[in-house]
*Asks:* 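Dumping the structure here so I can ask a few things about it.
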Amino acid sequence: MVMNAILICFNGCSSEVEFPLKKDYLVLETLPYEALDKRGVTLNAKLVGEHTGNISEVGFIWGDVETSFKYPTILEKNAFSLRLESDLSNGKDYGYQAYVKIDSLLLLGNRLIFSSLGTIDPTIGDFYPKSGFVGDTVTIHGNYFSLNRERIEVTLNDYVCQIVSADVKHISVIVPYNIVYHSGQLPLKVQSGNTQIMAKESFLIEGFQITEVNPDHGIVGETLIDISGITIETMPNSIEVYFGNHKAEEVTRIGNTIRARLPYQMSSGSYQVSVKLDSTQVISNSTIEVLSRWQKINDFPSDGRVLGNLIPVGNVAYYLFGSTSLNSDIYFNEIWRYSFDSDEWALQGNFPGQARGGAITFNINGIIYYGLGVTGANGFFNDFWKYNPAVNQWTRLKNFTGPPKVKSQFLSMSGNGYVIGSSYYDGGIKEIWRYDPALDQWDMLGEIGIANGINNQDATFTYKGEIYVVDISNPKSRPVKVFKFSPGTPSIFEEIATLPFGPPAIQTMPIVFVLNNKLYLENTSRFQTKTGWQTETQMFTLNLESIEWARIENFPEALSAYQNSFSYNNYGYVGFISPTGADVTKKIWRYDATIQ
């Protein structure tokens with residue numbers, strides 16, 4: 001049954017209009033649908049009666065229980081129709097009613113219902129133009145697009161485009177302005193109703209483009225990445241390269257290629273590459289896989305501690321004692337064993353003597369030697385012990401015969417142990433002592449030729465039967481040097497290199513270990529800029545044959561007031577880190593130089 005039309009005020013309609021209207025008004029009838037099939041349905045309507053007004057638009061409003069929308073059509077001889085061939089779901093009921101805009105009024109017809117048999121899925125035939133820049137208009141040609149613009153979405157590389165016009169066969173959009181942050185070929189997709197379709201070709205953003213990133217993987221702080229593109233040679237000098245949020249520190253430009261080193265402080269992962277030109281950042285569609293040579297291994301399982309001694313023996317390492325803080329005078333007397341093979345910790349036993357801080361330890365032929373040091377309650381210690389880990393047995397040895405030694409450098413080489421310097425000013429800060437385990441005897445070999453002496457904030461290591469000293473702790477304004485000497489002639493110090501970073505920023509222990517023929521050294525240096533003093537933690541390798549420095553990726557943790565570091569089986573290890581001295585961590589890290 002056809003109902004009388006409803007007359008609604010539209011735009012300029014005022015409250016002074018009187019109802020009912022005069023008899024020259026129109027009657028709008030929504031007619032039953034026709035041609036209902038799997039391709040769509042035809043809606044019909046007609047106007048009955050005379051009118052003197054201006055008809056500006058006719059059409060239909062239709063929808064389901066959740067949404068409704070309207071679409072205009074053409075009036076011919078007081079009748080109009082609309083063929084719906086898109087965005088209808090099979091088996092769903094839709095309501096529809098005709099409408100007419102006449103002068104300031106909106107005339108609605110009666111509402112009818114049809115049950116849809118569905119429609120054909122939308123398709124993209126082509127689009128034009130194939131390239132352009134932000135703000136340009138792109139027209140997509142196809143079939144069966146939704147007549148409801150609210151159910152159409154066009155994206156370029158997932159950036160939503162503004163729709164200018166749309167009908168069942170055409171959609172015109174504007175290339176979004178924020179897409180300037182991407183470059184090159186961008187995929188074009190259309191979401192029409194519940195169906196998403198992708199164009200066979202991509203849209204090309206003109207202007208600067210990143211066309212290639214090579215290689216597609218690299219090592220933190222080492223790999224040079226070439227970024228090729230269009231119009232790079234005309235770009236301004238203020239170029240910045242980012243890997244994710246990490247800014248590259250070394251950037252050069254050669255023709256249409258930008259070369260950038262992966263930053264020294266990154267984590268392993270996949271990063272998007274971008275180039276910033278003044279205020280514009282252009283993002284590559286490709287990513288780069290970044291690898292770090294630092295690998296976190298199992299944490300220490302007990303309380304975090306610091307000031308202990310971590311030393312490798314065979315295929316295991318032992319952590320001796322330690323404290324909860326640099327500021328604490330309470331020390332553990334526990335011995336923990338770490339297996340390099342299983343990456344597991346186990347409690348080995350206890351020390352029968354007095355645990356302390358600032359002690360020395362070294363490994364000679366599988367036997368651990370330990371002693372000296374200090375506590376606030378007991379003062380300085382001169383006792384010396386050996387520990388046989390195979391049978392978990394401690395043996396007291398002869399006392400050390402020299403002055404107090406606290407936080408000295410210590411190492412072993414060629415069957416002897418060596419103690420160099422001290423943090424205690426009256427404790428022989430320049431002295432070099434040798435321990436002979438066969439005789440259980442200490443001998444003072446001489447003094448090092450470094451004015452300020454050596455303590456645990458410096459670095460020592462052995463290489464090819466010689467002892468090397470890196471004088472970090474008190475360089476003041478002079479360059480930091482690397483020296484070497486032979487135990488047979490300890491008074492002859494040979495300077496072999498100058499460190500590539502400046503004086504230390506704060507009192508920190510350097511990370512130091514040797515792999516093959518390279519020294520690995522990290523420390524925090526201080527330097528002055530226009531805005532004041534700055535600090536930076538840097539890690540370098542020194543080739544001990546060619547005496548060449550090379551900067552590599554930083555240690556992943558923050559600068560440290562104390563930690564233990566050593567090498568074993570071509571790996572470097574760092575653990576028991578105290579960033580400030582008051583806090584401690586349980587983290588243990590391994591450095592693998594073979595990762596490529």
Side-chain angles (χ1 to χ4, degrees), residues 215-225 243-250 260-271 287-301 304 306 310-312 317 319 338-345 459 461 470 499-501 508-525 535-543 549-580 583-596:
D216 60 2
H217 67 282
I219 303 294
V220 174
E222 296 184 28
T223 306
L224 296 173
I225 305 299
F243 301 95
N245 295 324
H246 300 275
K247 181 181 177 182
E249 299 182 28
E250 302 175 21
R261 182 183 299 275
L262 288 175
Y264 295 104
Q265 192 74 45
M266 295 180 72
S267 302
S268 295
S270 182
Y271 294 87
T287 58
I288 181 170
E289 195 68 26
V290 176
L291 303 176
S292 171
R293 292 199 169 111
W294 286 105
Q295 301 170 327
K296 187 178 177 300
I297 57 180
N298 277 341
D299 289 350
F300 181 65
V306 70
L310 181 62
I311 184 168
Y319 186 77
Y338 172 75
S339 169
F340 292 108
D341 295 332
S342 64
D343 188 23
E344 293 178 347
W345 288 89
F461 59 95
V470 185
L499 266 65
F501 47 77
T508 61
M509 284 186 64
I511 293 173
V512 56
F513 52 84
V514 176
L515 301 178
N516 298 319
N517 64 339
K518 289 183 180 180
L519 164 70
Y520 289 76
L521 178 69
E522 180 178 80
N523 196 48
T524 302
S525 61
T535 62
E536 182 178 13
T537 300
Q538 300 175 336
M539 191 159 191
F540 285 83
T541 62
L542 173 63
N543 187 310
W549 290 101
R551 187 169 178 187
I552 61 173
E553 66 174 301
N554 292 348
F555 179 59
E557 299 286 334
L559 54 90
S560 178
Y562 198 96
Q563 87 281 316
N564 298 93
S565 59
F566 64 88
S567 60
Y568 166 77
N569 198 24
N570 292 324
Y571 294 102
Y573 291 85
V574 180
F576 298 94
I577 305 156
S578 177
T580 65
D583 56 341
V584 295
T585 72
K586 302 180 181 183
K587 296 177 182 178
I588 312 292
W589 292 85
R590 180 176 65 195
Y591 184 85
D592 184 356
T594 65
I595 292 178
Q596 298 294 332

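A quick note: this is a predicted structure, and the numbers were derived from the prediction, not measured. Numbering starts at 1 and runs along the sequence shown.
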*Asks:* Can you list everything that forms a side chain to side chain donor-acceptor pair (under 3.5 Å) with Q295? Sequence neighbours excluded, please.
*Replies:* R590

*Asks:* Taking all heavy atoms of R293 and all of E553, pick out the closest pair and write down the distance.
*Replies:*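 What the structure gives for the nearest pair is N-OE2, 2.7 Å.
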
*Asks:* Using modelled atom types and a 3.5 Å cut-off, is there a donor and acceptor pairing between side-chain atoms of N298 and backbone atoms of E344?
*Replies:* no

*Asks:* Looking at CD1 of I219 and CE of M266, how far apart are the two atoms once the value is rounded to the nearest 0.5 Å?
*Replies:* 11.5 Å

*Asks:* Kindly indicate, with the supporting measurements, whether the criterion side-chain hydrogen bond (donor to acceptor under 3.5 Å, both in side chains) is fulfilled by Y271 and N245.
*Replies:* CA-CA 9 Å; Y271 294 87; N245 295 324; over 6 Å; no

*Asks:* Kindly indicate, with the supporting measurements, whether the criterion salt bridge (charged side-chain N to carboxylate O under 4.0 Å, His left out) is fulfilled by R551 and E222.
*Replies:* CA-CA 8 Å; R551 187 169 178 187; E222 296 184 28; over 6 Å; no

*Asks:* Residues two or more places apart in sequence or in another chain: which of them pass salt bridge (charged side-chain N to carboxylate O under 4.0 Å, His left out) with D299?
*Replies:*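 D299 satisfies salt bridge (charged side-chain N to carboxylate O under 4.0 Å, His left out) with K296 once adjacent residues are dropped.
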
*Asks:* Hey, can you tell me if F340 and Y568 have their rings parallel, tilted or perpendicular (30° and 60° cut-offs)?
*Replies:*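 Parallel.
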
*Asks:* Walk me through whether L521 and L542 qualify under side chain to side chain contact (heavy atoms under 4.5 Å, CB included).
*Replies:* CA-CA 8 Å; L521 178 69; L542 173 63; over 6 Å; no

*Asks:* Taking all non-hydrogen atoms of both residues into account, name the closest pair between S268 and S292 and its distance.
*Replies:* OG-N, 2.9 Å

*Asks:* Of all heavy-atom pairs between Y319 and N564, which one has the smallest distance, and what is that distance?
*Replies:* CE1-OD1, 3.7 Å

*Asks:* Restricting to side chain to side chain donor-acceptor pair (under 3.5 Å), what partner residues turn up for K587, sequence neighbours left out?
*Replies:*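 K587: side chain to side chain donor-acceptor pair (under 3.5 Å) contacts with E557.
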
*Asks:* What heavy-atom pair brings A459 and P510 nearest, and what distance separates the two atoms?
*Replies:*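 Distance-wise, the nearest heavy atoms are CB-CG, 4.1 Å.
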
*Asks:* Among residues at least two apart in sequence or on other chains, which ones pass side chain to side chain contact (heavy atoms under 4.5 Å, CB included) with A550?
*Replies:* T541

*Asks:* One pair to check against side chain to side chain contact (heavy atoms under 4.5 Å, CB included): V574 and Y520. What are the steps and the verdict?
*Replies:* CA-CA 12 Å; V574 180; Y520 289 76; over 6 Å; no

*Asks:* Could you tell me which residues satisfy ring-ring contact (aromatic ring centres under 6.0 Å, His included) with F566, sequence neighbours excluded, listed by chain and number?
*Replies:* Y573

*Asks:* Answer yes or no: is there a side-chain heavy-atom contact under 4.5 Å between I577 and F555?
*Replies:*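 Yes - at least one pair of side-chain heavy atoms lies under 4.5 Å apart.
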
*Asks:* How close do K586 and P301 get, counting heavy atoms only, and between which atoms?
*Replies:*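 Distance-wise, the nearest heavy atoms are NZ-O, 4.4 Å.
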
*Asks:* Are T223 and P215 close enough that some pair of their side-chain heavy atoms sits under 4.5 Å apart?
*Replies:*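 Answer yes - side chains close enough.
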
*Asks:* Side chains of I511 and Q563: does their closest heavy-atom pair fall under 4.5 Å?
*Replies:*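 Side-chain contact under 4.5 Å: yes.
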
*Asks:* Can you find a pair of side-chain heavy atoms, one from F243 and one from V290, that are under 4.5 Å apart?
*Replies:* no

*Asks:* Tell me, please, which residues at least two apart from Q265 pass side chain to side chain donor-acceptor pair (under 3.5 Å).
*Replies:*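 With sequence neighbours excluded, Q265 shows a side chain to side chain donor-acceptor pair (under 3.5 Å) to N554, given in chain and number order.
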
*Asks:* Measure the CG-CD distance between L262 and E250 for me, rounded to the nearest 0.5 Å.
*Replies:* 10.5 Å

*Asks:* Show, in sequence, the C-alpha distance, side-chain angles and deciding distance for V584 and F576, and conclude whether the side chain to side chain contact (heavy atoms under 4.5 Å, CB included) test is met.
*Replies:* CA-CA 7 Å; V584 295; F576 298 94; over 6 Å; no

*Asks:* Distance check, rounded to the nearest 0.5 Å: F513 atom CZ versus F461 atom CZ?
*Replies:* 12.0 Å

*Asks:* Within the 4.5 Å heavy-atom criterion, are Y338 and D343 side-chain neighbours or not?
*Replies:*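 Yes. Closest side-chain heavy atoms under 4.5 Å.
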
*Asks:* To the closest 0.5 Å, what do you measure between CG (L515) and OH (Y591)?
*Replies:*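 It comes to 8.0 Å.
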
*Asks:* Quick check: do W294 and M539 have side-chain heavy atoms less than 4.5 Å from each other?
*Replies:* yes

*Asks:* Hey, does the side chain of S565 reach the backbone of V512 with a donor-acceptor pair shorter than 3.5 angstrom?
*Replies:*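 Such a contact is found between S565 side chain and V512 backbone.
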
*Asks:* If I take atom CH2 from residue W549 and atom CZ from residue F540, how far apart are they, to the nearest 0.5 angstrom?
*Replies:*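 One finds 8.0 Å between CH2 of W549 and CZ of F540.
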
*Asks:* Find the distance between CD1 (I225) and CD1 (I288) and round it off to the nearest 0.5 Å.
*Replies:* 3.0 Å

*Asks:* If we ignore hydrogens and angles and just use 3.5 Å, is the side chain of N516 paired with the main-chain N or O of K518 as donor and acceptor?
*Replies:* no

*Asks:* Does the side chain of S339 come under 3.5 Å of the side chain of D341 through a donor N or O and an acceptor N or O?
*Replies:*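 Checked: S339/D341 side chains show no N/O donor-acceptor pair below 3.5 Å.
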
